[in-house]
Amino acid sequence: MSEEKSLNFIEEIIETDLAAGQYKSILTRFPPEPNGYLHIGHAKSICLNFGLAIKYGGKTNLRFDDTNPAKEETEYVDSIKEDVKWLGFNWSNELYASDYFDQIYSFAVTLIKNGLAYVDDSTADQIAALKGSPTEPGTNSPFRDRSIDENLTQFAAMKAGAYKDGEKVLRVKIDMAANNMHMRDPIIYRIKHAHHHRTGDQWCIYPMYDFAHGQSDSIENITHSICTLEFIPHRELYEWFINQLEIFPSKQYEFARLNMTYTVMSKRKLLQLVTEGHVQSWDDPRMPTISGMKRRGYTPESIRNFCERIGIAKRENLIDVSLLEFCVREDLNLKAKRVMAVLDPVKLVITNYPEGQTEELISENGPDESYGNRKIQFSKELWIEREDFMEEAAKKWFRLAPGALVRLKSAYIVQCNDFLKDTAGNISEIHATYIPESKSGSDTSEIKVKGTIHWVSVLHAMQAEIRLYDRLFNVENPSQEEGDFKEYINPDSLQIISQAFVETSLINSEVGNHFQFIRKGYFCLDKESTKDKLVFNRTVSLKDAWAKEVKK
RNA sequence: UGGGUUAUAGUGUAAUGGUAGCACUACAGAUUUUGAUUCUGUCCGUCUAGGUUCGAAUCCUAGUAACCCAACCA
């Protein structure tokens, strides 16, 4: 029957919890900070959190971790919601950490009342200096022993706006000698007179991550709070707050974030690429962002499948981008309508075909009948791919060359008998004769050819702009190289072909349609396309066995 | 030289003391009106050294390496 698929470590935990009756059902959350666009690494987290809830009959909240007004914007909130939906997931509740500011404030007051938090007047530098180092214990702040009443008064004054940014902070009283640096009296509230994208100017103090994230989890009754490895040291604090505040015991689990070859995956770096103009925008098709991949023509199914295949574990990883490309091809192979387009055109003249004659031929749209057929126009002069002709045929060359026979896809077999060169020595025109009885679908010629090439009729072709994308960086792991990661940007990551020719049927294509340009790759219509100027993005090339042969 | 986390083919991920499996990549072949797809096959692995055991990727001991932690970021 169905073979057991092995569980990842989080699924094992959940199954154990469920079997023990610890929870009736699970509740997960996807908690982005709205300070940038989502990337493929977030997709891994989204697929995990939503996927777990789907698998075990639970629910998932979308919660924005918006506790730092200086970095967060509504534009990012909107893009994040769009990207999660596009990936195919539905959240139970759209929530914001800022929804809980009142509640979190009262948690802080509780800690003060219990003698567990104090207002510290030290400067940032002083606090850092007293923090010690990983190998040396810290020192207690001189403000650590303020009275509860004084702390209460001062904290209220902080909230009321009596102080400037940085003048005071609220810290929690734990242990300045703890091995875990996060337990050395962490700051839980800071003063920031900044406009918040949702609460406006209502607050001038904001909770820190450690005093907002876990509290939000707990308020929502999140059962499994899943984050990435770098938060492991925060877990001890996460649990400390839950115990001290006696709130719902959400549990934190950590998995390894996604790294992928030839790209970067930090919002900070991606932001730089955008603001410094190395790419056009967050949704530039070369970006590892969800919106970039969408625009490039990747499908949600292929991304979800990719996330499924890479698995969930705790060790550092660097996933080969070719696995993502495989998933994209696998999906597009099933979905993309086949059409013909010539990217680097050279003219082929069928010398024995009647001048002025046009023929309507039938071509299949896909690998089987369910895709249907379409009509294509054939005439005396055709555009073919420059690389499909060789003046002197190489070994194992199946394409056009003087004297060689080749099939024009869905049309006739032709034989090349001449070619012309321009003054610069480039091939300017190729002459061939066609074999009338070799017509596709009713071939009685009994001629076998090894090569089939694509073409479009000169008379009927439409001009189009085609954008080819290559990897954004020319080293596997730009973040790990010496110096600035931007030194490793691939200067040729975008190639624009302004004079390509595509078949007429493409006039009706829409943004979001996927095509296979036969023998050239998968393409989609770009959002910058207009009726007068079609613009296509190459999503991914086809595997190319000949290119490999040439390399050898 | 503190604490934490992780080590399985080139990459990623299984095997929970009992035949080291799967996918991608690479390579070879078959089919093909896309040098695509599809199909078949091949190469390649348990961090090191000891130990326990009939039997160890798994348990024990000692090493080694990588990553994370000293933001009023998340």
Side-chain angles (χ1 to χ4, degrees), chain A residues 5-8 12 31-33 35 65-68 70-72 97 120 122-124 127-129 131-138 165-171 178-182 184 187-192 205-206 208-210 212-213 227-236 254 256 261 267-268 309-327 329-330 333-334 338 340 363-364 367 396-399 406-411 413 438 440-441 443 448-454 476 516-522 541-549:
Chain A
K5 197 179 171 284
S6 56
L7 304 176
N8 65 50
E12 282 182 2
E33 181 188 15
N35 66 343
D65 235 342
D66 55 350
T67 57
N68 185 359
K71 289 189 177 177
E72 296 147 7
D120 195 329
S122 309
T123 65
I127 289 175
K131 197 141 195 182
S133 75
T135 52
E136 288 173 83
D165 287 10
E167 253 181 274
K168 289 169 192 282
V169 291
L170 184 69
R171 299 178 74 179
N179 276 324
N180 184 346
M181 298 296 287
H182 295 273
R184 320 245 266 222
I187 294 167
I188 60 171
Y189 261 97
R190 79 288 213 185
I191 300 169
K192 249 183 215 278
I205 57 170
Y206 292 91
M208 298 285 289
Y209 166 84
D210 284 305
H213 197 100
C227 59
T228 45
L229 254 26
E230 62 273 25
F231 291 96
I232 288 176
H234 296 255
R235 189 175 62 226
E236 191 180 356
E254 312 87 9
T261 53
K267 279 191 201 168
R268 200 193 95 244
R309 283 173 189 251
I310 58 178
I312 298 294
K314 297 187 81 152
R315 87 175 105 151
E316 292 291 328
N317 57 77
L318 180 63
I319 309 272
D320 196 329
V321 69
S322 62
L323 177 59
L324 212 210
E325 292 177 343
F326 168 83
C327 293
R329 289 192 187 102
E330 184 184 44
N333 180 44
L334 300 172
R338 271 63 169 171
M340 293 202 280
S363 188
E364 74 280 8
K396 298 191 199 169
W397 179 256
F398 303 157
R399 285 117 92 152
V406 80
R407 155 88 55 193
L408 295 172
K409 174 72 180 171
S410 300
I413 291 173
S438 68
S440 185
D443 187 348
K448 287 267 181 280
V449 293
K450 290 213 82 165
T452 299
I453 65 172
H454 60 279
E476 280 205 335
Q516 185 194 104
F517 290 180
I518 286 181
R519 302 208 306 133
K520 296 310 294 180
Y522 294 100
S541 63
L542 256 27
K543 275 205 200 165
D544 191 344
W546 173 248
K548 280 179 187 169
E549 187 67 33

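Since this is a predicted model, take the numbers as computed values, not measurements. In what follows, chains carry the letters A, B, and so on, assigned in the order in which the sequence lines appear, proteins first and then strands, with residues in each chain numbered from 1. Below, all heavy atoms of this structure are taken into account, side chains as well, without hydrogens, waters or symmetry copies.
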Nearest 0.5 Å, please: how far is CD in A:Glu230 from CD in A:Glu254? 10.0 Å
So, OP1 or OP2 of B:A74: does either fall under 4.0 Å of a side-chain N or O from A:Arg190? yes
Planes under 30° and centres closer than 5.5 Å, is that true for A:Tyr209 with the base of B:A74? no
A:Val449 and A:Val406 have their tightest heavy-atom pair at CG1-N, 4.2 Å
Does A:Lys267 have a side-chain nitrogen or oxygen under 4.0 Å from the phosphate oxygens OP1 or OP2 of B:C73? no
Specify the separation, in whole Å, of atom CG of A:Asp320 and atom P of B:U13. 13 Å
Is the phosphate of B:A74, meaning OP1 or OP2, less than 4.0 Å from a side-chain N or O of A:Thr67? yes
C1' atom, B:U13 versus B:U25: distance in rounded Å? 15 Å
Between A:Ile310 (CD1) and B:U11 (C1'), how many Å, whole number? 12 Å
Can you say whether a donor on the side chain of A:Arg338 sits under 3.5 Å from an acceptor on the base of B:U34, or the other way round? yes
Describe, in one word, how the ring planes of A:Tyr209 and A:His234 are oriented to each other, choosing from parallel (under 30°), tilted (30 to 60°) and perpendicular (over 60°). perpendicular
Side-chain-base donor-acceptor pair under 3.5 Å for A:His454 and B:A36: no
Nucleotide B:C69, atom C1' - distance to CG of A:Asn180 in whole Å: 7 Å
Can you tell me, in whole Å, how much space there is between the P of B:A36 and that of B:C27? 12 Å
Are any side-chain N or O atoms of A:Arg329 and backbone N or O atoms of A:Gly521, one a donor and one an acceptor, separated by less than 3.5 Å? no
Within the modelled atom types, does a donor on one side and an acceptor on the other bring the side chain of A:Ser440 and the base of B:U33 under 3.5 Å apart? yes
Do A:Gln516 and B:U34 have a side chain to base donor-acceptor pair shorter than 3.5 Å? yes
Using whole Å, what does the distance between atom C1' of nucleotide B:U34 and atom CZ of A:Phe517 come to? 14 Å
Are side-chain heavy atoms of A:Met208 and A:Leu170 found at a separation under 4.5 Å? no
Step by step, would you call A:Ser410 with A:His454 a side-chain contact (heavy atoms from CB on, under 4.5 Å)? CA-CA 9 Å; A:Ser410 300; A:His454 60 279; over 6 Å; no
State whether A:Arg519 places a side-chain N or O below 4.0 Å from either non-bridging phosphate oxygen (OP1 or OP2) of B:G35. yes
What distance do A:Ile319 atom CD1 and A:Arg309 atom CZ have between them, rounded to the nearest 0.5 Å? 12.0 Å
Using the C1' atom as the reference point in each nucleotide, state the distance between B:A65 and B:C47 in Å, no decimals. 8 Å
Using a cut-off of less than 4.0 Å, is there contact between a side-chain N or O of A:Lys131 and OP1 or OP2 of B:C69? no
Let me have RNA chain B in dot-bracket notation, would you? Count Watson-Crick plus G-U wobble pairs, both distances under 3.5 Å, and use [ ] for pairs crossing earlier ones and | for inter-strand partners. .((((((..((((....[..)))).(((((.......)))))....(((((..]....))))))))))).....
Give each protein N/O atom lying under 3.5 Å from an N/O atom of nucleotides 64-67 of chain B, with the pair distance.
from: B:C67; atom 1: O2'; to: A:Glu316; atom 2: OE2; distance (Å): 3.1

Side-chain N or O of A:Lys548 versus OP1/OP2 of B:A26: is the shortest distance under 4.0 Å? yes
Nearest of B:C24, B:G12, B:C73 to any side-chain atom of A:Leu318? B:G12
Rounded to whole angstrom units, what separation is found between the NE2 atom of A:His182 and the C1' atom of B:G4? 10 Å
With a 3.5 Å cut-off and sequence neighbours excluded, list the donor-acceptor pairs that the side chains of residues 542-549 of chain A form with protein atoms.
from: A:Asp544; atom 1: OD1; to: A:Trp546; atom 2: N; distance (Å): 3.1
from: A:Asp544; atom 1: OD1; to: A:Ala547; atom 2: N; distance (Å): 3.0
from: A:Glu549; atom 1: OE2; to: A:Lys396; atom 2: NZ; distance (Å): 3.2

